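Right, one structure below, let's go through it.
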Amino acid sequence: MTTSRGRIPLLDLKAQYNGIKLEIDAAIAGVLESGQFVLGSEVVNFEQEFATYCETTECIALNSGTSALHLALLAAGVGRGDEVITVPFTFVASVAAITYVGAKPVLVDIDPSSFTIDPGAIERAITARTRAILPVHLYGQPADMDPILEVARRHGLVVIEDAAQAHGAKYKGCRVGGIGDLACFSFYPGKNLGAYGEAGAVTTSNAEFATTVRMLRNWGQDYKYHHVLRGFNYRMESFQAAILRVKLRHLEQWTETRRALAAKYNDLMADSGIERPREMSWARHVYHVYTLRCRDRDGLQAALQAEGIHTGIHYPLPVHLQPAYADLGYGLGAFPQAEAAADEVLSLPLYPELSPEDVAEVAAAVKKATLHKVRTVVRPRIGD
Ligand SMILES: Cc1ncc(COP(=O)(O)O)c(C=O)c1O
């Protein structure tokens, strides 16, 4: 909701609910009537529908994307003393999950055009202890998977996609979620496919991995009260599955709208001199966020805030510079591309219910702020 010079949020989940209220309310009522609140038929149906959507044979519904990463790593046999290669420019969960299984995160820099892992940097990071590569499809754009899979196959490594931000994205025509050996999704409320609480899933077409993840999410049981693995309570709630089933029916339409709004932003800011997100040749980008790069990012953010336009920074500090991960042993300067991105990125409002008028208002405000910046730089020179 906005007025001219009004308030444009980064995300508007209430507007989305209003558009699907009848379907959601009926789905919630159905769960209440069923008396089944954890796992159950809603979860089983969601698993089948989401596996079909991801072009995999298996989906295991969980209680978060972080749990998905944790269980995917365990199922892949990653453990103490192993190394897993991923990026520092991601949400902290991608790296944290590696430490949950006792393995060491080995970080490599990103490619600045795609904001995803630089495939050329992977091989140099491989050691005798490397077990897996964990590419992150950041912002809704798939990582360049072919060279990643090629190096993984050559070295006998498992590939685990972090697809938490990329529901429905495609790499060379194939859906993410089915490209690596396993993939991890988050259905946190603000995600392109978001629950009304915490939720996540693993997708895979490997039956053995699927069986392990399925057991681990429910206390490692193969049947009731018989524990063959040391498992967890990572089960999905029936409410979340019912909500996700409703939303999955709308996801393609929402994604097309996101893509159209992103294209409109691109057009409107074409002459702004600002660096707009690039859809790589291999990608169907699903624009979980629409992220610009700007040298004076903080100035631009403040100028937009003054116009009532809310923005986000995904992410202001790469994981290797987070205090909690200082013991990984990487200092400032270790990953120049990730560090530069963290200083320069700014995400603009983007969600399917955002109106084209709002997009025009945001783009105009960005141009005004950047033009003003140019003038303030140019003027003193004119006076010289
Ligand atoms: C790239 C990435 N990986 C993992 C996660 C973790 O997902 P969750 O918050 O559902 O645990 C997120 C969530 O924000 C994410 O963005």
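A quick note: this is a predicted structure, and the numbers were derived from the prediction, not measured. Basis for what follows: all heavy atoms, side chains included, without hydrogens, waters or symmetry-related copies. Counting starts at 1 for both ligands and their atoms, following the listed order. We number each residue from 1, following the sequence as shown.
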Which residue and non-hydrogen atom of the protein lie closest to [atom], and at what distance in Å?
atom                    : result
atom 3 (N) of ligand 1  : D162 OD2, 2.8 Å
atom 12 (C) of ligand 1 : F91 CD2, 3.5 Å
atom 15 (C) of ligand 1 : A164 CB, 3.5 Å
atom 9 (O) of ligand 1  : S186 OG, 4.0 Å

[X] heavy atoms, cut-off 4.0 Å: which ligand 1 atoms fall inside?
X    : answer
G65  : 7 (O), 8 (P), 10 (O), 11 (O)
Q165 : 1 (C), 16 (O)
A93  : 4 (C), 5 (C), 6 (C)
V136 : 1 (C)

Original post:
Any nitrogen or oxygen of T66, main chain or side chain, under 3.5 Å from a nitrogen or oxygen of ligand 1?
Top reply: yes
Could you check whether [Y] and [X] have their ring centres less than 6.0 Å apart?
X    : Y    : answer
F187 : F50  : yes
H167 : Y53  : no
H70  : Y100 : yes
F115 : Y139 : yes

Under 4.0 Å between a Lys/Arg side-chain N and an Asp/Glu carboxylate O for [X] and [Y]?
X    : Y    : result
K14  : E353 : no
R153 : D181 : yes
E361 : K264 : no

Original post:
Judged by non-hydrogen atoms, does K191 sit under 4.0 Å from ligand 1?
Top reply: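 K191 counts as a contact of ligand 1 under the 4.0 Å cut-off.
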**OP:** Please work out whether any backbone atom (N, CA, C, O) or any side-chain heavy atom from C-beta onward of T90 is under 4.0 Å from ligand 1, and answer side chain, backbone, both or neither.
**Re:**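 Side chain only.
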**OP:** Indicate whether the side chain of Q165 and that of H314 have a donor and an acceptor atom separated by less than 3.5 Å.
**Re:**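 Distance-only check fails for Q165 and H314.
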